Amino acid sequence: MDRREVCPSAASVLQQNRKKVQGLGSWDLALDRDGDGVRLRGPETAAWQGAGRALGQYKFRDLTVEELKNVNMFFPHFKYSMDTYVFKDSSQKDLLNFTGTIPVMYQGNTYNIPIRFWILDSHPFAPPICFLKPTANMGISVGKHVDAQGRIYLPYLQNWSHPKSVIVGLIKEMIAKFQEELPLYSLSSSDEARQVDLLAYIAKVTEGVSDINLKSWANHENKTANKITVVGGGELGIACTLAISAKGIADRLVLLDLSEGTKGGMMDLEIFNLPNVEINKDLSASAHSKVVIFTVNSLGSSQSYLDVVQSNVDMFRALVPALGHYSPHSVLLVASQPVEIMTYVTWKLSAFPANRVIGIGCNLDSQRLQYIITNVLKAQTSGREVWVIGEQGEDKVLTWSSQEEVMSHTYQVQLSNRDIMI
């Protein structure tokens, strides 16, 4: 049958996909011979000219189109479509996605591993969301880079940064990692029924917690009784690391330095070689943490907290699901700015219970103010009744919670005359 011929039973499917891609210019839509999907095909010179119309919701449409054109050159068999993606918070969004297989050499044999990539509307500044796409006779080998739902976690995704990070490079790393640990295995006939149920579950809920007991890597990992991970190698991250180390409250402490190169503070930590402190760039080093502290920020010296909201959100899209995967029973403590917004984003992206995602709020500011009142101003009040509340930034408010103890007029004047930057 000619590829352009469409059987009546598939006509409705093809028509739905025609509406979703909204007329991709020179693209030719045709039903595959095996009838499992629609492939977008077109001349090399004009293949992506009309793609912009289908990606109207994408913030960086032209950059996305150029990158997908490059993907199509290396992997021309991939199939593209616009479908609805369901996020962990149950919100939905129509996103461009593509499916296909990648060749993986494992123990002398070549396996075609089925994958699916979802391209976010902030691409290429946010990494794609990657999944395995197993058939009914395939099982998922849960491991360092794959969870029970088939979502893929790689260092390339975690360190995604435009323009150096590209989808083709991501696929190459994926192939290399899968050559070390094959992500799928063949099911026996008795297991196929259970796998069908799993695939139906994954199709219904793109992400979430599965109660199906698959091969687990947890038994091969060393679980530490009291492990803490600090995310971000900036000044706040280093301060957290030093404070936790000095108080001795963690049996093992991991500092995830996501920056390029080695900065002065990080170099000092490496020189001092603090006991039970590990500096790493691989998010998998955080596995089995009891507490994960987010201090990472994209804040520049000339920017306000609100200026970096979108870039921080895009960064958290890669970090939070991966860290939640490696430490599913942890408490997430958010110090990244703006802390109120980023705490909410972390809660949504992690799908953790609300009581396990905590923002620091103005607690540090309160501690600083209490210290100033007690130790700098030498006030007779203990300072413990003084709190800073509200949103981070210029809208913070100072409050005195006790009605019995009131600061004297002298100390109020001293406080107001000092140039205090909390």
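As the structure is a prediction and not an experimental result, all values here were calculated from the model.
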### Task
Decide yes or no on side-chain contact (heavy atoms from CB on, under 4.5 Å) for Y58 and L63, but give the supporting numbers first.
CA-CA 10 Å; Y58 280 63; L63 292 175; over 6 Å; no

## Note on the structure
Nearest heavy-atom contact between T110 and P103 is CG2-CB, 4.3 Å

### Query
Judged by atom type as modelled, is there a donor-acceptor pair below 3.5 Å linking the side chain of K133 to the main-chain atoms of T101?
no

### Task
Return the minimal non-hydrogen interatomic distance between Y111 and Y106, and the atom names on each side.
CE1-O, 3.7 Å

### Summary
Here the pair of heavy atoms bringing G233 nearest to D257 is CA-OD1, 3.9 Å

#### Entry: Over all atoms of both residues, closest heavy-atom pair of S330 and S289
CB-O, 3.2 Å

### Contact check, side chains of L132 and F178, non-hydrogen atoms, under 4.5 Å
yes

#### Entry: CA sep, side-chain torsions, deciding dist, call: I167, L68, side-chain contact (heavy atoms from CB on, under 4.5 Å)
CA-CA 8 Å; I167 294 177; L68 294 179; 4.0 Å; yes

### Task
Return yes if a side-chain donor-acceptor contact under 3.5 Å exists between H123 and E67, otherwise no.
yes

### Side chain to side chain, L255 and N280, heavy atoms closer than 4.5 Å
no

### Audit row: V104, M174, side-chain contact (heavy atoms from CB on, under 4.5 Å) steps and yes/no
CA-CA 9 Å; V104 174; M174 189 175 295; over 6 Å; no

#### Entry: Aromatic ring pairing H325/Y153, orientation class (parallel under 30°, perpendicular over 60°, tilted between)
parallel

### Message
Between I244 and I293, is there a side-chain heavy-atom distance shorter than 4.5 Å?
### Response
yes

### Query
Where do G237 and T295 come nearest, in terms of heavy atoms and distance?
CA-OG1, 3.4 Å

### Task
Indicate the atoms forming the closest heavy-atom contact of A335 with L236, along with that distance.
CB-CD2, 3.8 Å

### Message
Quick one, V254 and L256 - any side-chain contact, counting heavy atoms below 4.5 Å?
### Response
yes

### Task
Kindly compute the distance separating CG (N312) from CZ (R317), expressed to the nearest 0.5 Å.
12.0 Å

### Query
Is the side chain of S336 donor-acceptor paired with the backbone N or O of V296 at a distance under 3.5 Å, no angle test?
yes

### Message
In terms of relative ring orientation, are Y156 and W160 parallel, tilted or perpendicular, with 30° and 60° separating the classes?
### Response
perpendicular

### Message
Which residue in the set C130, S165, P321 passes side chain to side chain contact (heavy atoms under 4.5 Å, CB included) when paired with L157?
### Response
C130

### Query
Between F78 and Y80, does the ring centroid distance fall short of 6.0 Å?
no

### Q158 and D282, any side-chain heavy atoms less than 4.5 Å apart
yes

### Query
What is the distance from atom CG of N97 to atom CG of D83, rounded to the nearest 0.5 Å?
4.5 Å

### Task
State whether the number of non-hydrogen atoms from other residues, nucleotides or ligands found under 6.0 Å of E235 atom CD is greater than 12.
no

### Task
Output the distance between atom CD1 (I171) and atom CZ (F74), rounded to the nearest 0.5 Å.
10.0 Å

### Summary
Rounding to 0.5 Å, atoms NZ (K93) and CG (L120) come to a distance of 7.5 Å

### Query
Below 4.5 Å, heavy atoms only, C-beta onward: do I360 and T343 meet side chain to side chain?
no

### Query
Are any side-chain N or O atoms of N226 and backbone N or O atoms of I249, one a donor and one an acceptor, separated by less than 3.5 Å?
yes

### Query
Do side-chain atoms of R356 reach the backbone of L332 as a donor and acceptor pair under 3.5 angstrom?
no

### Query
Does any N or O in the side chain of S350 come within less than 3.5 Å of the main-chain N or O of T346, such that one atom is a donor and the other an acceptor?
yes

### Query
Does D121 come within less than 4.0 Å of K59, counting only side-chain N to carboxylate O?
yes

### Query
Side chains of M73 and V168: does their closest heavy-atom pair fall under 4.5 Å?
no

### Task
Report yes if some heavy atom in the side chain of P155 is under 4.5 Å from a heavy atom in the side chain of K281; otherwise report no.
no

### Query
From Y185 OH over to N137 CG, what is the distance, rounded to the nearest 0.5 angstrom?
11.5 Å

### Query
Do we see a donor-acceptor contact under 3.5 Å between the side chains of T229 and S286?
no

#### Entry: Distance in Å, L283 CG paired with S327 OG, rounded so as to fall on 0.5 Å steps
10.0 Å

### Task
May I have the step-by-step check of side-chain contact (heavy atoms from CB on, under 4.5 Å) for F131 and I129, ending in yes or no?
CA-CA 7 Å; F131 284 88; I129 300 173; 3.5 Å; yes

#### Entry: Ring centres under 6.0 angstrom apart (F75, F98)
no

### Query
With distance as the sole criterion, is a donor-acceptor pair present between the side chains of E66 and N70 under 3.5 Å?
no

